[in-house]
Amino acid sequence: MSDPSPVIDDLREESEELDRLVAGLEPERWALPTPAAGWTVAHQIGHLAWTDHRAWTAVTDPDGFRALVEQALASPYSYVDDGAEEYARAEPAALLARWREGRAALEKALREAPDGARFPWFGPPMSAASVATARLMETWAHAQDVADTLGVSRTPTARLRHIAWLGVRTRDFAHGVHGLTPPADPFRVELIAPDGGEVWAYGPEDAPQRVTGPALDFCLLVTQRAHRADLALTADGPDADRWLDIAQAFAGPPGGGREPKGEGAR
């Protein structure tokens, strides 16, 4: 059984990076609109705090989590937005404190989880490492929205490896939420690490279909933070090409994605 500590450590670092972006913001800047339609900076942080609480419930109270699943099934297309809206109503200082407390509680629960335990989620049950990976992916993605709003350029780190892995693992899920049959054979995915000195490779080396490009661009794609036309990703094969149009590493209905910026679009 793999040790979840490394990804939990990386989740903490990813959260702290976003925390530094918003901690010094004037209250009025929490109301700035972000690239996510209808969401302000407060909505972005509120969503993370809201989802952290649900992840904490899944880890510490599986029976209680089932009631949350029923709520989600009752309003699948508004459940997430409603949660972000509820949390975003708080004053910025209170919201920031709530997010900090919630993510600390989740980290503690994940570190104390029994070896081999699996926890319910809105998709298949997950291990502690998988929960941490999913939270890291979301934290990074929503931090990107905040950074874009504030005009901040972030330096990509090796923590993207977790998101890239999740993006590859969710290939078949992405097809399923679009009502498509997943390809029968695996793809080869080769991604250039942020430092440029390593290639992160997934899937059989001799796979007839493949995806190549920068790891950062792949992570932006699977979190739907950038349009494919604005990214330097190459697909070799019709099924791999279709995947890049629908890739989605997050749970829930198909995401709407982002419009192409146009400048330098490929």
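In this chain, numbering begins with 1 at the start of the sequence shown.
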Quick check on Glu91: does its CD atom have over 12 non-hydrogen neighbours (other residues, nucleotides or ligands) under 6.0 Å away? no
Begin from the C-alpha positions of Arg228 and Asp241 and carry the test side-chain contact (heavy atoms from CB on, under 4.5 Å) through to its verdict. CA-CA 11 Å; Arg228 177 185 177 184; Asp241 186 71; 2.5 Å; yes
Compare every heavy atom of Gln248 with every heavy atom of Pro254, then report the nearest pair and how far apart it is. CA-OE1, 3.2 Å
Using the rule that two of Ile, Leu, Val, Met, Phe, Trp, Tyr join whenever any of their side-chain heavy atoms come within less than 4.5 Å, decide whether Ile45 and Leu25 are in one cluster. yes
Can a side-chain donor-acceptor contact be found between Gln144 and Arg154 if the only test is distance below 3.5 angstrom? yes
Answer yes or no: does atom CD of Glu259 have more than 12 heavy-atom neighbours from other residues, nucleotides or ligands under 6.0 Å? no
At their closest point, which heavy atom of Gly237 faces which heavy atom of Gln209, and how far apart are they? C-OE1, 3.1 Å
Counting neighbours of CZ on Arg12 that are heavy atoms of other residues, nucleotides or ligands and sit closer than 6.0 Å, is the number greater than 12? no
Are Ile163 and Val199 linked, directly or through intermediate hydrophobic residues, by side-chain heavy-atom contacts shorter than 4.5 Å (ILVMFWY only)? no
If you measure from CD on Glu16 to CG on Leu11, what distance do you get to the nearest 0.5 Å? 9.5 Å
Any link between Leu73 and Val177 through a network of hydrophobic side chains (Ile, Leu, Val, Met, Phe, Trp, Tyr) touching at under 4.5 Å? no
What closest approach, in Å, do Pro76 and Pro253 show between heavy atoms, and which atom pair accounts for it? O-CG, 4.0 Å
Working to the nearest 0.5 angstrom, can you tell me the gap between Leu95 CG and Arg100 CZ? 10.5 Å
Rounded to the nearest 0.5 Å, the CG atom of Leu191 sits from the CG atom of Leu160 at a distance of 10.0 Å
Taking the six-membered ring where the residue is Trp, are the ring centres of Trp140 and His162 under 6.0 Å apart? no
The single option from His43, Met137, Arg225 that satisfies side-chain contact (heavy atoms from CB on, under 4.5 Å) with His142 is Arg225
Lys/Arg-Asp/Glu bridge criterion (N-O < 4.0 Å) met for Glu138, Arg135: yes
Is the shortest side-chain heavy-atom distance between Val222 and Thr170 below 4.5 Å? no
Just checking, any donor-acceptor pair under 3.5 angstrom between side chains of Ser130 and Ser127? yes
Centroid-to-centroid, Phe218 to Trp200, below 6.0 Å? no
Do Thr149 and Val41 have side-chain heavy atoms sitting under 4.5 Å apart? yes
Between atom CD of Glu17 and atom CD of Glu14, what is the distance when rounded to the nearest 0.5 Å? 5.5 Å
Assess whether a salt bridge exists between Arg258 and Asp145, defined as any Lys/Arg side-chain N lying under 4.0 Å from an Asp/Glu carboxylate O. yes
Atom of Thr60, atom of Ala109 and distance for their closest heavy-atom approach: CG2-CB, 3.8 Å
How many angstroms lie between atom CG of Asp217 and atom CG of Leu233, to the nearest 0.5 angstrom? 5.0 Å
Shared hydrophobic cluster for Val69 and Val80 (ILVMFWY, side-chain gaps under 4.5 Å): yes
Using the rule given for salt bridge (Lys or Arg N to Asp or Glu O under 4.0 Å), can you reason through Glu70 versus Arg66, listing the C-alpha separation, both sets of side-chain angles and the distance that settles it, and then say yes or no? CA-CA 6 Å; Glu70 292 177 3; Arg66 292 187 182 92; over 6 Å; no
May I ask you to check whether over 12 heavy atoms, not counting those of Glu205, lie within 6.0 Å of atom CD? no
Assess the pair Trp165 and Tyr202: is the distance between their ring centroids shorter than 6.0 Å? no
Shortest non-hydrogen contact from Ala72 to Phe122? CB-CE2, 3.8 Å
Angle between ring planes, Tyr79 versus Trp50, binned at 30° and 60°: parallel, tilted or perpendicular? perpendicular
Centre of Phe187's six-membered ring, under 6.0 Å away, within 45 degrees of the axis: is that where NZ or CZ of Arg171 sits? yes
Residues Val22, Leu96; criterion side-chain contact (heavy atoms from CB on, under 4.5 Å); working and verdict: CA-CA 8 Å; Val22 300; Leu96 182 57; 4.1 Å; yes
Joint cluster assignment, Tyr87 & Leu68, ILVMFWY side-chain distance < 4.5 Å: yes
What I want to find out is whether Glu107 reaches Arg111 closely enough, with some N-O distance under 4.0 Å, to be called a salt bridge. yes
Can you give me the closest heavy-atom contact between Leu21 and Ala143, atom names plus distance? CD1-O, 4.3 Å
Give a yes or no on whether the ring-centroid distance for Phe250 and Phe173 is below 6.0 angstrom. no
Separation between CH2 (Trp243) and NE2 (His178), nearest 0.5 Å, reads 13.5 Å
Show the numbers, then the answer: is there a side-chain contact (heavy atoms from CB on, under 4.5 Å) between Asp236 and Val211? CA-CA 6 Å; Asp236 183 5; Val211 169; over 6 Å; no
Looking at side-chain heavy atoms only, is the closest gap between Leu18 and Leu48 below 4.5 Å? yes
Asp19 and Arg103 ion-paired at < 4.0 Å: yes
For the residue pair Pro92 and Pro27, establish whether any side-chain heavy-atom pair is separated by less than 4.5 Å. yes
Any donor-acceptor N or O pair under 3.5 Å, side chains Asp61, Trp56: no
Does the side-chain contact (heavy atoms from CB on, under 4.5 Å) test come out yes or no for Leu32 and Thr40, once each step is laid out? CA-CA 5 Å; Leu32 290 173; Thr40 64; over 6 Å; no
